[in-house]
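A short write-up of the structure that comes next.
What you see below is based on every heavy atom in this structure, not just the backbone, and it leaves out hydrogens, waters and symmetry mates. What you see is a predicted model; the values in this text were computed from it and never measured. Residue numbering restarts at 1 for every chain, and letters A, B, ... go by the order of the sequence lines.
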2 protein chains.
Amino acid sequence: MKTVSRVINKEPSVRKKTYDIVMEAVNELNYQPNLAARNLAGTSSFTVGLVYDNPNAYYVIDMQNGVLSRCKDEGYELVIHPCTYTDANMEADFITMIKRSRLAGLVLTPPLSEQSSITNLLDELNIHYVRVLSGRPTDDDQDTCIYVNDYKAAYEITTHLLTHGHENIGFICGDKEHKSTSERLEGYKAALADHNTQFNNEFVYDGKYSFESGVEGAKALLADNNKLAITAILGGNDEMAAGALFASRLMGIAIPEQLSITGFEDSPFSRQTWPKLTTAHQANDVISQHAARLLFTKTRGARNQDKDIITSFTPSIVIRESSGPKQ
Amino acid sequence: MKTVSRVINKEPSVRKKTYDIVMEAVNELNYQPNLAARNLAGTSSFTVGLVYDNPNAYYVIDMQNGVLSRCKDEGYELVIHPCTYTDANMEADFITMIKRSRLAGLVLTPPLSEQSSITNLLDELNIHYVRVLSGRPTDDDQDTCIYVNDYKAAYEITTHLLTHGHENIGFICGDKEHKSTSERLEGYKAALADHNTQFNNEFVYDGKYSFESGVEGAKALLADNNKLAITAILGGNDEMAAGALFASRLMGIAIPEQLSITGFEDSPFSRQTWPKLTTAHQANDVISQHAARLLFTKTRGARNQDKDIITSFTPSIVIRESSGPKQ
DNA sequence: AGTTAAAATGACAACGCTGTCAACAAGCTA
DNA sequence: TAGCTTGTTGACAGCGTTGTCATTTTAACT
């Protein structure tokens with residue numbers, strides 16, 4: 001019985017022959033270890049949690065599916081934990097979750113993953129976690145963070161527009177509190193600087209990552225456009241870009257002939273507009289898979305190390321019909 | 001110890017005084033029963049599964065949140081199980097899930113919940129389940145099904161258009177294989193009949209519940225519109241309605257002045273179009289809450305019966321700016 | 001008060017695994 | 001070959017609950 005446990009857990013010091021015999025029986029009986037028993041008996045748990053407060057359903061589903069696919073492979077169970085980090089009950093909810101099922105660890109997704117109040121709480125509770133963050137990797141956090149390099153992606157998408165002759169490029173920002181907003185804005189600024197183009201604060205509109213704020217943003221930026229002479233708008237995400245697209249159309253502006261518009265994230269949104277959006281593809285399912293893998297290696301300690309984990313992702317530009325050369 | 005167990009499980013034959021003492025300690029220590037141990041020891045399990053194959057992220061998130069909120073209240077754990085019912089591994093995946101964590105039961109969501117191959121499999125495996133289905137309630141399935149009366153909602157939304165003077169009403173259908181498609185079409189037909197309006201098959205376009213098929217549908221229905229003289233289009237869901245809206249705008253048709261468009265479901269989609277869509281609000285979170293409650297009562301047997309479960313929901317019409325009187 | 005039934009509580013095994021530690025087998029050295 | 005080390009396997013307890021059944025307490029009667 002204990003030997004079977006050793007085989008299942010890929011522990012060393014099982015003879016090859018014994019291993020084969022056990023595996024044959026496992027396959028024949030389609031044996032699956034009982035998770036409840038494993039969680040109860042073992043020192044480490046086979047349950048991980050995914051915590052999110054992002055209201056974007058597409059994003060959440062992608063993150064879930066990525067983590068889930070790794071969980072399936074590795075025999076882990078996933079507990080999903082939607083929440084709002086402003087909620088007064090947040091702390092109590094965390095503790096309830098942790099007490100009910102002992103967790104191997106948590107995957108935290110943005111924007112909640114940016115809150116130090118949460119990481120402090122988890123540190124206190126001695127809970128492992130991996131954070132998905134918008135930003136550029138630093139040296140020290142390589143084993144607890146997965147970075148999405150929004151800075152670089154914004155740099156590249158801005159460069160794409162600049163090399164197509166655009167100089168007056170509007171930027172519709174997301175929520176100021178989100179790290180992704182400042183990262184994307186910095187990337188935009190850096191690209192301008194590297195192409196000897198003057199940054200103009202009037203080209204920046206403070207949006208809220210919502211469709212409606214994209215509509216408002218485009219209206220604001222394009223109102224009396226003789227002044228700013230904007231020929232391209234960079235949306236902070238696909239929803240706002242879609243909003244900008246819609247507003248432009250209402251104003252009778254032809255896309256991409258008179259105005260180029262780009263999005264960010266490559267959510268289904270970017271393909272449900274006409275023309276389809278040029279955007280930066282963010283492989284959220286892959287990102288979350290790696291987050292899960294990183295968490296697994298942390299909790300399993302030295303054994304079964306997974307060396308191919310990517311901790312920094314850069315969204316790649318997808319050029320579609322909403323952007324073109326300046327005319 | 002056993003007495004605490006009795007209090008936690010609200011079993012009878014615990015003296016009021018004892019109950020209070022235990023509860024006081026429970027509150028003081030913020031005691032939470034360990035789920036793994038409960039699942040292992042008890043005859044019934046505290047884990048339910050949510051199975052879905054619907055590609056609509058908004059829908060899935062709503063269903064998850066509804067089930068999850070009940071699970072939290074009742075101390076259950078949720079295992080999410082995305083799948084595709086055409087997948088050859090589906091059966092094996094189910095069995096793996098069931099063996100890994102003994103389940104109290106499953107909540108099945110459409111369109112997968114319509115597949116008898118799945119319910120047959122679960123019957124064989126002796127797994128409890130509750131299905132969410134599009135359709136009108138029948139007498140026999142009241143304790144295993146939650147119905148969403150798409151028929152009636154489509155009837156009402158069609159009536160809304162009819163009473164606003166529209167007679168030539170286009171209908172963009174969803175996938176033919178989905179029950180919701182035929183239910184909604186039947187409701188549309190019934191409303192026409194009750195208002196002495198001739199049903200015309202040329203007014204019906206076979207879409208696929210996607211934005212693009214909505215675009216195509218509107219184009220097809222409105223092409224050479226002198227012939228059909230369509231003044232309103234009923235979208236089979238919000239995505240297709242949004243597509244139809246977009247196509248109409250490209251064709252220079254004013255909404256709602258020249259054409260009324262309605263959606264179905266009231267997903268965020270319907271609020272991200274301009275004008276916002278008149279649609280039928282489907283309270284997916286409430287629906288899935290009731291599905292979870294129904295499942296709980298099934299597995300708990302006679303004790304803790306929940307009598308206020310609604311097993312039939314009718315989406316309610318939300319009138320927004322995309323529809324108006326015929327002009 | 002004495003008897004009996006009913007209600008409330010407690011003792012203990014069991015759920016299906018894993019961790020610990022003891023026992024045994026195999027390979028090595030002298 | 002004995003004597004050692006290392007590698008491999010097995011016996012057994014325990015994880016935190018619940019189900020079963022025995023025991024104690026309370027209530028309801030003569």
Sidechain N-carboxylate O distance under 4.0 Å for A:R136, A:D150: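 Not counted as a salt bridge, because no side-chain N and carboxylate O are separated by less than 4.0 Å.
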Residues B:E183, B:K152: salt bridge by 4.0 Å N-O rule: no
Atom-to-atom span, [atom1] of [X] to [atom2] of [N] - whole angstrom:
{"X": "A:R15", "N": "D:dG7", "atom1": "CZ", "atom2": "C1'", "result": "9 Å"}
{"X": "A:F46", "N": "C:dT18", "atom1": "CZ", "atom2": "C1'", "result": "9 Å"}
{"X": "A:Y76", "N": "C:dC17", "atom1": "OH", "atom2": "P", "result": "17 Å"}
{"X": "B:E11", "N": "D:dT18", "atom1": "CD", "atom2": "P", "result": "8 Å"}
{"X": "B:R100", "N": "C:dC17", "atom1": "CZ", "atom2": "P", "result": "13 Å"}
{"X": "A:I98", "N": "D:dG16", "atom1": "CD1", "atom2": "P", "result": "16 Å"}
{"X": "A:E77", "N": "C:dG16", "atom1": "CD", "atom2": "C1'", "result": "15 Å"}
{"X": "B:L40", "N": "D:dT17", "atom1": "CG", "atom2": "P", "result": "12 Å"}

Straight-line distance of A:Q32 CD to B:I98 CD1, nearest 0.5 Å: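 The CD atom of A:Q32 sits 11.0 Å away from the CD1 atom of B:I98.
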So, does [X] get its side chain near the phosphate of [N], meaning an N or O under 4.0 Å from OP1 or OP2?
{"X": "B:N39", "N": "C:dC15", "value": "no"}
{"X": "A:R38", "N": "C:dC17", "value": "no"}
{"X": "B:T3", "N": "C:dG10", "value": "yes"}
{"X": "A:Y31", "N": "C:dC17", "value": "yes"}
{"X": "B:S5", "N": "D:dT18", "value": "yes"}
{"X": "A:N34", "N": "C:dC15", "value": "no"}

Residue whose closest nucleotide on DNA chain C lies nearer the 5' end, A:T43 versus B:S13: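 Mapping each residue to its closest nucleotide by heavy atoms, the 5'-most match is B:S13.
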Residue met sooner reading DNA chain C from 5', once A:Q32 and B:V14 are mapped to nucleotides: B:V14
Closest nucleotide among [options] to the [X] side chain:
{"X": "B:M1", "options": "C:dT9, D:dT17, D:dG19", "value": "D:dT17"}
{"X": "A:T18", "options": "D:dG19, D:dT9, C:dT9", "value": "D:dT9"}
{"X": "A:K2", "options": "C:dT20, D:dT9, C:dC17", "value": "C:dT20"}

Aromatic centroids of B:Y59 and B:Y52 separated by under 6.0 Å: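 Ring-ring flag for B:Y52/B:Y59: false, centres at least 6.0 Å apart.
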A:Y147 and A:F313 aromatic centres sub-6.0 Å: no
Closest-nucleotide 5' rank along DNA chain D - winner of B:R6 and B:G42: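 Here B:G42 is the residue nearer the 5' end.
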